[in-house]
Amino acid sequence: MFPSNKTPNRKPARRPMLNMYWMYAMIGLALVGLYYFQNNDQTREVNWTEFEKTAMAGDIEKIVVNYSSGEADGFLTEAGAKRLKFDMQPGFEGQRKIETTIPSTDKVQEKIDSWNAALAAQGKPAITVNYEKGSDLMRIFWAFGPILLIFLGWYFISKKMSGGPGGGGGIFNVGKSKATVFDKDKGTNVTFKDVAGLAEAKVEIEEIVEFLKNPQRYTELGAKIPKGALLVGPPGTGKTLLAKAVAGEANVPFLSMSGSDFVEMFVGVGAARVRDLFKQAKDKAPCIVFIDEIDAVGRARGKNPNMGSNDERENTLNQMLTEMDGFGSNNGVIILAATNRADMLDKALLRPGRFDRQIYVDLPELTDRMEIFNVHLRNIKVSANIDVEQLARQTQGFSGADIANVCNEAALIAARNNKLEVEWNDFMAAIDRIVGGLEKRSRIITDDEKFSIATHEAGHATVTWMLQYGNPLVKVTIVPRGRALGAAWYAPDARQIIPTQALLDTMCGLLAGRAAEDLFTGQIGTGASDDLEKCTKIARSLVMVYGMSNKLPNINFNDSTGQDYGFSKPYSEETAELIDKEVTRIVNEQYERAKDILRQYSSQHNAIRDMLVKNEVIFHDDVQKILGPRKWKSRTDEIIEINKKEEENRIKNDSGQNNPDSLPIPGNTKTRQPSPAKQQDSESDDDGTPPPFNK
């Protein structure tokens, strides 16, 4: 069972009394003091005899007598300042004066009157006199003001550093964790019903929540609660949303913190925050701790030594490893973490006992995208003829965050056009806006440029249509969007295993635009730079990553972690030259292949080009009328057919489950394999496959 919630009797760790913030405060106060308390006046202290001699000489024009302090200030004339050898630099805006202590405040007026009488006899102007009585409050302020300013500065810096729910006490609590606590009364209002798709990931996460709610169901069988689960996947796929759902579903405290919150410039602060976080978690056990973007603190150790000096991040990671599964007990605390860079994490952090489960949250398949659309369309007034399945088909390769953005953008476009509901055209415009950028119909394009752009985009469409592994065409446009002057958009098939021919077909389709320009206009332009960049990356991946080159077969020069080779290359100069030759050969072969296809279908290409020049935008059906139906089905269509067959078989099995003849034979059962539609997609942009809706 879980430990009690009583706080153990521990002595609080001593916090450092001084740190960099104190130094910043002192420097700031010194600068403020210099600014406010500096005096531009030139002042010199003299005795009473010298003061009287200067006054009798007519070098003082005004005297200020302070009764409280018993002092007098004599403000000098310019001639007097020269006689007393004051600094007479040009542009001086202050006053030059001498100070003295008055022997007797009762007779000072008599002295000044006698000086004025003597000056009048000499024909010199009289001295003006002002009497002041200093304030006791001002004397107190000048005496204790600096101390007060220091304490005020300390207070504001303390309040600044105590920001966040876990910061709590001020400057001396810099080592406190900044975890946000969600308890039974303060939830996130997100449940598993709000998480669409992610069926396999939700099963494992829901099991952890169920264990916390009904632990006896598992402990009676001898099962132990998982100590940690790591959510891994591309950005925007719902890792943090799953964690929010756990916080909303579980009836236990939930502590949320970012990996960057542990990293500080002060030595020992990161480790102190880890200790404080797990202390809070143990006091609230059973509870869940969620660390978002854990790669900020969990990177592999020892790969980038900092010139032999102390590495604060490694100290923080070491403390985290100890707290998660070290010598001390950590019962009742479950760690959830999320990252999209699991390859960068330290191996000790990933071992069972710390993270028992790695849950891969991948880009959604067709059925998952349909569920996600249904969730985000709940609060949007959509037209009755909106086909969610078709929307899901149009957003192949989109993440859950992308789909949410599509729905919101479509609603904004409908509102901009004063519509009462969101229509199909609004969703298409939203997808175009997100993928390609904002339309720029105001951009001035000449007829020659328009013809060249249409030739380029028609080349992409024609060649890709004729390739076995070409992605399904969505539409072709020569309307400028973002930085692109035109685009041929596709819904790429997310394949589990990519054959060599699929990569070559992708390269051929990318080079088709440049090939069409070369063939049909006799000159090439700079518009193919993005296509050439993608094509070169795929060719280099073919040779260096996948080992698909004839001259360098079955060799992988890639380091997925980015840490093993450093600045050195894992191959010789001769091999580097061979790699360059192979990459060039593959690119040139696909370029010539694209030209051959365009020569064969030149009339169809020209028809597509002319239609583009006339209409500016053409769609899948328009291209099909010219080129005819494609010979090959897309992977999405194949998945839908497989799902339909499986559904029919399931219905047949359910209808015959009461028939004794249909019961399985003991010892002859087979494990059912997951259908392709439910398999997780493992592609990434680094594999050389094009992103969604490529030019």
Side-chain angles (χ1 to χ4, degrees), residues 432 435-437 439-441 443-467 469-471 473-490 492 503-540 583-620 622-623 626-627 688 690-691 693-695:
D432 296 348
V435 174
E439 268 192 8
K440 296 183 177 179
R441 291 187 177 270
R443 181 178 291 177
I444 299 175
I445 299 177
T446 64
D447 292 339
D448 290 341
E449 290 174 337
K450 191 174 184 179
F451 183 85
S452 177
I453 296 169
T455 302
H456 181 105
E457 301 304 336
H460 284 306
T462 303
V463 172
T464 306
W465 191 274
M466 296 301 170
L467 297 174
Y469 294 99
N471 293 317
L473 180 69
V474 177
K475 75 174 186 178
V476 186
T477 176
I478 58 172
V479 177
R481 281 185 177 273
R483 297 176 60 187
L485 296 175
W489 292 356
Y490 307 93
L503 296 175
L504 296 176
D505 285 356
T506 302
M507 294 174 60
C508 185
L510 289 169
L511 293 169
R514 167 65 66 86
E517 292 180 42
D518 194 3
L519 274 178
F520 301 114
T521 66
Q523 58 183 2
I524 57 176
T526 59
S529 60
D530 185 58
D531 300 329
L532 298 178
E533 179 184 352
K534 292 175 182 175
C535 183
T536 306
K537 286 182 178 178
I538 296 174
R540 193 162 288 277
V583 170
T584 304
R585 177 187 64 81
I586 293 171
V587 172
N588 290 338
E589 286 179 357
Q590 297 310 309
Y591 185 68
E592 293 300 323
R593 181 186 174 203
K595 279 188 174 182
D596 292 340
I597 295 174
L598 289 170
R599 290 190 188 100
Q600 184 179 355
Y601 297 96
S602 59
S603 60
Q604 291 90 332
H605 169 273
N606 294 339
I608 296 173
R609 177 198 62 198
D610 295 340
M611 187 183 295
L612 270 174
V613 172
K614 180 181 178 181
N615 300 332
E616 292 190 339
V617 179
I618 61 175
F619 296 90
H620 176 275
D622 301 320
V623 177
I626 298 174
L627 294 174
F693 293 95
N694 281 295
K695 281 181 56 183

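Quick caveat: nothing in here was measured; it's all calculated off a predicted structure.
Minimum heavy-atom separation, A458 to I608: CB-CG2, 3.8 Å. Across all their heavy atoms, A488 and H460 have their closest contact at CB-CB, 3.9 Å. Across all non-hydrogen atoms, the minimal contact from G459 to A512 is O-CB, 3.3 Å. Between A454 and L612, the shortest heavy-atom contact is O-CD1, 3.8 Å. For the pair C508 and I597, the tightest heavy-atom approach, listed with the atom from each and the gap, is SG-CD1, 4.3 Å. Between Y469 and D505, the shortest heavy-atom distance links the atoms N-OD2, 3.1 Å.
At least one side-chain heavy atom of S602 sits less than 4.5 Å from a side-chain heavy atom of F520. Between I626 and T462 the shortest side-chain heavy-atom distance does not fall below 4.5 Å. Between I586 and R540, every side-chain heavy-atom pair lies at or beyond the 4.5 Å cut-off. Counting heavy atoms from C-beta on, the side chains of T464 and L473 never come closer than 4.5 Å. Considering only heavy atoms from C-beta on, K595 stays 4.5 Å or farther from L598 through its side chain. Side-chain contact between N615 and D622 is absent, with no heavy atoms from C-beta onward closer than 4.5 Å. Contact of the N606 side chain with the T455 side chain is not registered, since no non-hydrogen atoms from C-beta on lie closer than 4.5 Å.
Looking only at distances, no side-chain donor or acceptor of N588 sits under 3.5 Å from a matching main-chain atom of R585. Side chain of T536 to backbone of L532: a donor-acceptor contact under 3.5 angstrom is found. Side chain of E517 to main chain of H456: no donor-acceptor pair is present (N/O by atom type, distance under 3.5 Å, no hydrogens or angles).
Look at R514 and D531 and you find no salt bridge, because none of the NZ, NE, NH1 or NH2 atoms lies under 4.0 Å from a carboxylate O. A salt bridge is defined here as a Lys NZ or Arg NE, NH1 or NH2 lying under 4.0 Å from an Asp or Glu carboxylate O, and K450 with D447 fails to meet this definition. With respect to K614 and D610, no salt bridge is recorded, no charged nitrogen being found less than 4.0 Å from a carboxylate O. Using a 4.0 Å cut-off between charged nitrogen and carboxylate oxygen, E533 and K537 count as a salt-bridge pair.
Under the 6.0 Å cut-off for aromatic ring centres, H605 and W465 do not qualify, their centroids lying 6.0 Å or more apart.
In this structure, the separation between OG1 on T506 and NZ on K534 is 11.0 Å, given to the nearest 0.5 Å. One finds the CG atom of L485 at 9.0 Å from the CD atom of E457 (value rounded to the nearest 0.5 Å).
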Residues L504, L467; criterion side-chain contact (heavy atoms from CB on, under 4.5 Å); working and verdict: CA-CA 10 Å; L504 296 176; L467 297 174; over 6 Å; no
